[in-house]
Amino acid sequence: MTTPLVEMDGDEMTRIIWKEIKEKLILPFVDLKTVYFDLGLLNRNATDDQVTADAAYATREYGVAVKCATITPNKQRMEEYPELKEMWKSPNATIRSILGGTVFRTPILTDHIKPVVKCWEKPITVARHAYGDIYKAVEFTTDVPGTCKLVFEGNDGTIKEAIVQKTDGPALFQGQHNLDSSIRDFARSCFRYAIDVKQDLWFSTKDTISKQYDGRFKDIFDEEYKQFAPQFEKLGIRYFYTLIDDAVARVIRSEGGFVWACKNYDGDVMSDMISTAFGSLAMMTSVLVSADGKYEYEAAHGTVTRHYYRYLKGEKTSTNPVATIFAWSGALRKRGELDGSEELVSFADCFEEETLGLINDGTMTGDLARMAEPGTDITSVDTDTFLDALSERLAKRFRTA
Ligand code: NAP
Ligand code: MG
C-alpha cells in the first residue's frame, strides 16, 4: 500500500468483527496502512462528535474510506448510555452532508441462496438520490374552502406564481423542491459508478406526468451523460432512461447486472424491495460515492445489537461478517486502482473469491444456513469458526501463489 485508507471504527458486534477481520484476514497478507478514526459512540461523545467530521474531511483528503456500522442514538440509547451529552446525529448523515454524493447498495450473491425473482442471476445495484422531494417537503391540511398557491420570490424581484388548486372543502397540500446542483451531483456519481463497475446505468422518473419537475431530472442526466458517453461507448455499456413504472416491470423480468438510479422516494422503496428479494441485509454492501470521486465503503446492516448482548454474556454468536469483509475488499481494491497497485487489487479479488468460495463450499453463518436451498449440504458455524476457516483458505492461497 502507498496511500492509507481512512478507517472508521464503530460499535457493538460489528466493532468486534471489525478487529477480527483486520487481525485474521488482512494484516497477515497486506502491509495495511490506515488513518484511524474511532467512531464508536463513546468516542463520538467524548469528542462532541468532532471525530465524525474529522473522518469525513480525511476521506475528502485521501479519497477512500472504510466504515464499520455505528449506533445512531435514540431515546432508548440515551437511557442505555447515561453519559451521552446529546442525542448525536447519525454518523452516516454527517459524513454524507460533508462528502455529498450518492449511496450505492449491491447484494452479494452466493450459490446456495437463490433470489426470490428466479430470473435474477446478477446483482442489481440501487442508487438512491438522497436529497429533497418529499423528504424535505412542507405540507398542511385545511378545513375551509379556498385557494392554494405556489409562489416563488426571486432575490432579483422575479415572481413566479401558480394556483395549486381551488378547493371547496377540507383539503391537503404539499410543496417540494430539489436543486439542480444536487441532481447534477447525483447524475455524475451514477455515471462514474457505472463506469467503475462496467455496468449499464438505468434511470427512471415519471416525466410524462411531472413534465417540469421530473423532466428536469431527465434533462440534467442527459446533459451530464455527454461528458461520460465516450467512456460508456468504450466499455460497451449503455445509459438507459425509462419511466418508473416501465422500469419496475423490466427490473423484475431482467437477469440483473446493472445500476438503477432512482429518485429519493423510489430509491427508498425499491432498495428495500431489491435487498429483500436478493436475500439478506447481512449480504448487502453499500458505498457512498461523491460527485468528485471520493469513496466510503460499508456494510448496509447495523451493529447487530442482539448478537452483541449475547457475546457480552460469553456466548458464541453466528453473526455474518460478509458485508463487512466486502466493505474492506471494496476499499482496498479502490485504493489499489487509484494508486496503480495491481497487488492490492489482486488481494481484494482473492479476498472476495475465497469468502464466496467458503460459502459455496458449504460453510456459512446461521442467517445464511437458514435461507439456503433445501437439500444442500451445508454447515452452519459461528463467526469465529467462519473467520478462522477463511483465514486458512487465504493462507493456503497465498502460500501456493
Ligand atoms: P441491525 O444491526 O442491522 O440488526 C437487525 C437484525 O438483523 C439483527 O438482530 C439480526 O437478526 C439481523 N442481522 C443484521 N445484520 C446481521 C449480520 N451481519 N449477521 C446476522 N444477522 C444480522 O439493525 P438494528 O438492530 O435495527 O440496529 C442496531 C444498531 O445499528 C442501531 O443502534 C442503529 O442505529 C445502528 N445502525 C447503523 C447503521 C450504519 O452504521 N450504517 C445502519 C443501520 C443501523 P437476528 O437478531 O434475528 O439474528
Ligand atoms: Mg426505507
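Counting starts at 1 for both ligands and their atoms, in listed order.
- An N or O contact shorter than 3.5 Å links V304 to ligand 1 by distance.
- With a heavy-atom cut-off of 4.0 Å, L281 does not touch ligand 1 at all.
- The shortest N/O to N/O separation between T72 and ligand 1 falls below 3.5 Å.
- The environment of D246 atom CG is dense: over 12 non-hydrogen atoms of other residues, nucleotides or ligands sit within 6.0 angstrom.
- For atom 17 (C) of ligand 1, a protein heavy-atom neighbour is found at a distance under 4.0 Å.
- Close contacts of ligand 1 with T305, meaning ligand atoms under 4.0 Å from a residue heavy atom, involve 28 (C), 29 (C).
- The shell of residues lying under 4.0 angstrom from ligand 1, judged by heavy atoms, includes T319.
- Atom CD of E352 is separated from atom CZ of F347 by 10.0 Å, given to the nearest 0.5 angstrom.
- Taking every non-hydrogen atom of K67 and a distance limit under 4.0 Å, the qualifying atoms of ligand 1 come out as 40 (O).
- Here R306 has side-chain heavy atoms under 4.0 Å from ligand 1, and that is the only part of it that gets that close.
- Within 4.0 Å of atom 34 (O) of ligand 1, at least one protein heavy atom is present.
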>> Set out, in order, the CA-CA distance, both residues' side-chain angles and the distance that settles side chain to side chain contact (heavy atoms under 4.5 Å, CB included) for H307 and T319, then state yes or no.
In response: CA-CA 7 Å; H307 294 213; T319 317; 2.9 Å; yes
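- In terms of protein heavy-atom proximity, atom 44 (C) of ligand 1 is closest to G302 CA, 3.4 Å.
- Atom 7 (O) of ligand 1 is never approached by the protein to below 4.0 angstrom, counting heavy atoms only.
- Considering backbone and side-chain atoms alike, H307 places an N or O below 3.5 Å from some N or O of ligand 1.
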>> Go through it in stages, so that I can follow the logic: the residues are E224 and R188, the test is salt bridge (charged side-chain N to carboxylate O under 4.0 Å, His left out), and I'd like the CA-CA distance, side-chain angles, deciding distance and then a yes or no.
In response: CA-CA 7 Å; E224 287 300 320; R188 282 182 196 159; 2.9 Å; yes
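- The shell of residues lying under 4.0 angstrom from ligand 1, judged by heavy atoms, excludes E12.
- Environment of CD in E80: crowded, with over 12 heavy atoms of neighbouring residues, nucleotides or ligands closer than 6.0 Å.
- Those atoms of ligand 1 with a heavy atom of A69 less than 4.0 angstrom away are 40 (O).
- In this structure, of I17, T383, T70, the residue bringing a heavy atom nearest to atom 40 (O) of ligand 1 is T70.
- With ring centers used as reference points, W120 lies under 6.0 Å from F278.
- When the shell of 6.0 Å around CD of Q227 is examined, it contains more than 12 heavy atoms from other residues, nucleotides or ligands.
- Considering backbone and side-chain N/O of T303, one or more are found under 3.5 Å from N/O of ligand 1.
- Distance screen at 4.0 Å: atom 29 (C) of ligand 1 has a protein heavy-atom neighbour inside the cut-off.
- Using a 4.0 Å cut-off between charged side-chain N and carboxylate O, E223 and R184 make a salt bridge.
- Distances below 4.0 Å separate heavy atoms of R77 from the following atoms of ligand 1: 29 (C), 31 (C), 32 (O).
- Salt bridge K211/D207: absent, no basic N to carboxylate O contact under 4.0 Å.
- There is no protein heavy atom less than 4.0 angstrom from atom 12 (C) of ligand 1.
- Just one residue in the list Y297, W18, F29 forms a ring pair (Phe, Tyr, Trp, His ring centres under 6.0 Å) with W328, and that residue is W18.
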